[in-house]
There are 2 protein chains.
Amino acid sequence: MAAGKSITIPKDTKSAGANRAGAKRAPVMSDRAPLYEQVGYFIRQRLIDNYWKPGTALPSEIELGKELGVSQGTVRKALDDMVADHLLYRRQGLGTFVSEYTDRRALYLFFNLMDEQGTRVLPENNILECGPRKASKLECDRLRLRANAKVIRLSRVRSLKGVPTILETISVSQRLFPGLGRDGNLPPHLYRHYQTEYGISIAKADERARAIAASDQQAAHLNVEPGSPLLEIERVAITLDAKPVELRVSRCETSVYQFCAERG
Amino acid sequence: MAAGKSITIPKDTKSAGANRAGAKRAPVMSDRAPLYEQVGYFIRQRLIDNYWKPGTALPSEIELGKELGVSQGTVRKALDDMVADHLLYRRQGLGTFVSEYTDRRALYLFFNLMDEQGTRVLPENNILECGPRKASKLECDRLRLRANAKVIRLSRVRSLKGVPTILETISVSQRLFPGLGRDGNLPPHLYRHYQTEYGISIAKADERARAIAASDQQAAHLNVEPGSPLLEIERVAITLDAKPVELRVSRCETSVYQFCAERG
DNA sequence: AAGTGGTCTAGACCACACT
DNA sequence: GTGTGGTCTAGACCACTTC
């Protein structure tokens, strides 16, 4: 016994064995971290590897504890943290499950669009164009691409109750998402599509907002006067292993619908 | 043993004694709630009553457990929840403390203002006017005031590195904040001032964002052309006991500085 | 009835901060 | 050294879901 406990990593995973070596190895997880953090790291890694897939149940807490050589309470604390991060959810009597990207969850996270009364609204989508392009400077910067990289860029108008309200441009690296949107096969839930078709799970996003004046083209799409104020939201979606993989720039006509957030 | 455990509420508080009577009393907390929720409710109540004041330490977990007739682990779980809500914070070896509104915390919560590189900036404030007014329709609606109520309304320009960037109007009920800002005694940290001078603690806020065109007056204050797009953020600050007490409308010039949020 | 997560306890030891 | 929160364990019982 004595200093530096660590979990026993089951064999059917890649990582090397010498877990007690002392000199903390490069990748993220130190031997000296609390057990529950080691457990959390292990579980996250299995999510990243798509070993446990969205919508499926994890082994029970007791089983996990036995597998990793820790008590049920320690597993529980690790799971608690990931439930708080919305990576997992629990159903009493049933088990602990890997989160999926559903409409409800997409609306719950990130910015919410709602009317004056605070009611949420679901948009209909109308795709303007979609295909491979040379990455812009902004795209290179936000997605950490090299200067001449290719992206797949998608533009669409989102309408609320028939009124065009949001003009959205979505960019992803072509290397990571080959064939995305070819044959116009564009699913309604993009994040879910990334997950099921490309094994890439979005864990969080950074957003920034500013006000801009509508260009002629934007104005035409949104049916407003050129120069009208629009709310521009730039969102970078980040994967479980902290890579930025999608840039989404939305220009929103906010005279009726607004963006809401509850903070604190 | 048997159904419906409950904590034993110490005497030096108002609430009545018969805690095991069965018929769940009206106010909010059911006898059948888990112990840790009852403990959390009890602690929240002491914060609302200003029994434990911001910046001071709570009794230790063991002491609290003894006082309430529960184990340390149960107290810990209650405190964990409140730490997650930023109502309390812990310092290992020292104790658990009631959160205050510091600059750092105000920046951490709610919208963050930052430049293109993602660096945070602190604004300087310049007060335009401040005094009692008849509440507007918006103020009545958001602060739940009766039609002819009075508010104290404060307008200020916030500048970043000398450049006027945010035009802000703050409204609070005069009944709740009598004398606020009289003699021009306006502290830099308003939320903290509410807490120390009026015993009112802000726990969270609802925000909504839209884009507007600058009016002539707004444009003059912000040194931009009339009609320029501005980001308007409306924030309603909510107390520990869930009452909306402050309305803050900010019009922001976002060509340099933007509003950022990390979600997920 | 069996299995899961949810709550609660009691006790051990560690890491940290003050005196 | 003493007291605090931080981690970890083992075990009990409850509530819920499925069979």
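Per chain, numbering begins at 1; letters A, B, ... match sequence-line order.
Remark: of the listed residues B/E61, B/K66, B/K77, B/E61 is the sole one forming a side chain to side chain donor-acceptor pair (under 3.5 Å) with B/Q72.
Here the straight-line distance linking atom CD1 of B/I170 with atom CG of B/L190 works out to 5.0 Å at 0.5 Å rounding.
Stem list for DNA chain C (at least 3 consecutive Watson-Crick or G-U pairs, distances under 3.5 Å): C:1-18 with D:1-18.
There is a side-chain donor-acceptor pair under 3.5 Å between A/E246 and A/Y191. Looking only at atom types and distance, the side chain of B/E124 has no donor-acceptor partner in the side chain of B/S159 under 3.5 Å away.
Taking atom CD on B/E63 and atom C1' on D/dT2, their separation rounds to 14 Å, with Å as the unit. Computed from coordinates, the B/I62 CD1 to D/dT2 P distance equals 15 Å when rounded to whole Å. Spacing between atom CZ of A/R91 and atom C1' of D/dA15 amounts to 15 Å, rounded to whole angstrom units.
Comparing A/L94 and A/G69 by the nucleotide of DNA chain D that holds the closest heavy atom to each, the one mapping nearer the 5' end is A/G69. Mapping A/E61 and B/Q92 onto DNA chain C by nearest heavy atom places A/E61 closer to the 5' end of the strand. Between A/S71 and B/L79, the residue anchored closer to the 5' end of DNA chain D is B/L79, taking for each the nucleotide with the nearest heavy atom.
A salt bridge links A/R142 with A/E234: at least one charged nitrogen is closer than 4.0 Å to a carboxylate oxygen. Looking at A/R76 and A/D81, no side-chain N of the basic residue comes within less than 4.0 Å of a carboxylate O on the acidic one, giving no salt bridge.
In this structure, A/Y89 and A/F97 have parallel ring planes: the angle between them is below the 30° cut-off, well short of the 60° mark.
B/T56 contributes no side-chain N or O that, together with a main-chain N or O of B/W52, makes up a donor-acceptor pair within less than 3.5 Å.
For DNA chain C, the contact window with chain A, defined by any atom under 4.0 Å from a protein heavy atom, covers C/dG3 to C/dA15 in 5' to 3' order.
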